[in-house]
Amino acid sequence: MELAQLRYFVAVVEEGGFTRAGARLHVSQPGVSAQVAQLERELGQRLLDRSGRRVTPTEAGRAVLSYARAALAAVEGVRRTAEEFSGLLRGRVALGLIPGAASAVADGFDVVEVLGAFHDEHPGVEIALSEDTSERMLAALLRGELDLAVVGLAGEPPPAVSCQVVLDEPLVAAVRADDPLVAVAVHGEIPLAALRGRALISLPRGTGLRGVLERACAQAGFAPRVDFEAAAPAVLVRLAARGLGVAVVPSGAESGAGPRADVGAGPASGTAPGAGTGLRALRITEPRLTGRVALAWRTDGPPGPAARTLLGRLRAQAPGRPAP
């Protein structure tokens, strides 16, 4: 039995005839027919029904078909793996990002720059980017739907996921200058309890920042009242400037640093998170809320050499250390 025979057999089934299969494989029709007949003789079974206008697999042919396809796929996998290890990286890498991460540079961690350099060296690798909440991306990592992800962490990463922190900052409440919180703030800080009952503006559930906020409020004995949700901190800031509530935003919101979009973070002073907005940024304390952005991957490692190579590049640029 030869691989060519399996390839011809699968092509005839998929094309419904020897002539079309030959055209697809760039082989003459008699050549395809002869190879398939030889395969049938070796197996001792008739695999194809040639009596109708369209060639169809027999019962034995249908049983053999899945194994033939699997054998061809395995051989193709061997070839691609050998090419990857020889430096001709090919394949596909699925990378998940929190909203805005692709357009930002956070503490020297520039995803786009790494991807650009990687593509220049390995143009045969397809990179699929997607944006989602951290919660859903971590689940996708565990299911094998993502190879790598840049996520916001509300706590420890789930089992079987390893992380390297790229950003770690405190949370801040952004309010208008005439908000009562400004008057009670001490050195630009307010206790978490001051947010009890206030209309809050936050990132959606499933993001790192929202997880940090909800967990801290639950430990303080109250549930946060979130009246407005948006995926981008810049939108949260604009809503707060309009007087619609207290925006819980990261310190990078004023500079448009994307990775901070999904992490609890905030400035150390009372500067306004957004030039010209008239807002005040009050650091939240008692307790001090911090959140992290991290590069995440399955602990057993991405399955392909391309994904492992890209992971190494991203980790080399990431300034942080592994999350616990």
Tell me yes or no: between the side chains of Thr133 and Thr207, is some donor less than 3.5 Å from an acceptor?
no
Taking all atoms of both residues into account, what is the closest heavy-atom pair of [X] and [Y], and its distance?
X: Ala174; Y: Val249; result: CB-CG2, 4.0 Å
X: Leu148; Y: Ala307; result: CD1-O, 4.1 Å
X: Ala68; Y: Phe9; result: CB-CD2, 4.3 Å
X: Ala149; Y: Leu95; result: N-CD1, 4.0 Å
X: Pro302; Y: Asp147; result: CG-O, 4.2 Å
X: Leu97; Y: Met137; result: N-SD, 3.3 Å

When you measure from the side chain of [X] to the backbone N and O of [Y], does any donor-acceptor pair fall under 3.5 Å?
X: Thr285; Y: Arg288; result: no
X: Thr58; Y: Asp49; result: no
X: Arg46; Y: Leu48; result: yes
X: Glu40; Y: Leu47; result: yes

Applying side-chain contact (heavy atoms from CB on, under 4.5 Å), run through Val93 and Glu126 and close with a yes or a no.
CA-CA 6 Å; Val93 180; Glu126 174 191 353; over 6 Å; no
Mind listing the side-chain donor-acceptor pairs of residues 216-228 below 3.5 Å, one per line with the distance, residues two or more places apart or on another chain?
from	atom 1	to	atom 2	distance (Å)
Arg225	NE	Asp227	OD1	3.3
Arg225	NE	Asp227	OD2	3.4
Arg225	NH1	Gly197	O	3.1
Arg225	NH2	Asp227	OD2	3.0

May I have the step-by-step check of side-chain contact (heavy atoms from CB on, under 4.5 Å) for Leu115 and Leu310, ending in yes or no?
CA-CA 8 Å; Leu115 293 180; Leu310 180 57; 4.0 Å; yes
So do [Y] and [X] actually touch side chain to side chain, heavy atoms under 4.5 Å?
X: Leu65; Y: Arg62; answer: no
X: Val246; Y: Ile201; answer: no
X: Asp179; Y: Arg198; answer: yes
X: Val36; Y: Gln5; answer: no
X: Glu286; Y: Ile190; answer: no
X: Pro287; Y: Leu192; answer: yes
X: Val125; Y: His119; answer: no
X: Val13; Y: Val55; answer: no

N-O pairing of [X] and [Y] below 4.0 Å:
X: Glu14; Y: Arg24; answer: yes
X: Arg210; Y: Glu229; answer: yes
X: Glu121; Y: Arg313; answer: yes
X: Asp178; Y: Arg280; answer: no

Does [atom1] in [X] sit with more than 12 non-hydrogen atoms of other residues, nucleotides or ligands closer than 6.0 Å?
X: Glu113; atom1: CD; value: no
X: Arg205; atom1: CZ; value: no
X: Arg238; atom1: CZ; value: no
X: Arg50; atom1: CZ; value: yes
X: Glu42; atom1: CD; value: yes

Separation between [atom1] of [X] and [atom2] of [Y], rounded to the nearest 0.5 Å:
X: Arg20; Y: Arg54; atom1: CZ; atom2: CZ; value: 6.0 Å
X: Leu141; Y: Cys163; atom1: CG; atom2: SG; value: 8.5 Å
X: Leu314; Y: Thr309; atom1: CG; atom2: OG1; value: 11.0 Å
X: Leu239; Y: Ser202; atom1: CG; atom2: OG; value: 11.5 Å
X: Ile284; Y: Leu213; atom1: CD1; atom2: CG; value: 7.0 Å
X: Leu200; Y: Leu236; atom1: CG; atom2: CG; value: 11.0 Å

Please report the C-alpha distance between Leu72 and Arg7 in whole Å, then the side-chain angles of each, then the deciding distance to 0.1 Å, and finally whether the side-chain contact (heavy atoms from CB on, under 4.5 Å) criterion is met.
CA-CA 7 Å; Leu72 295 173; Arg7 186 174 295 109; 4.1 Å; yes
Test side-chain contact (heavy atoms from CB on, under 4.5 Å) applied to Val172 and Leu282, step by step:
CA-CA 5 Å; Val172 17; Leu282 307 176; 5.6 Å; no
Pick one: which of Leu209, Val151, Ile98, Leu153 meets side chain to side chain contact (heavy atoms under 4.5 Å, CB included) with Val293?
Ile98
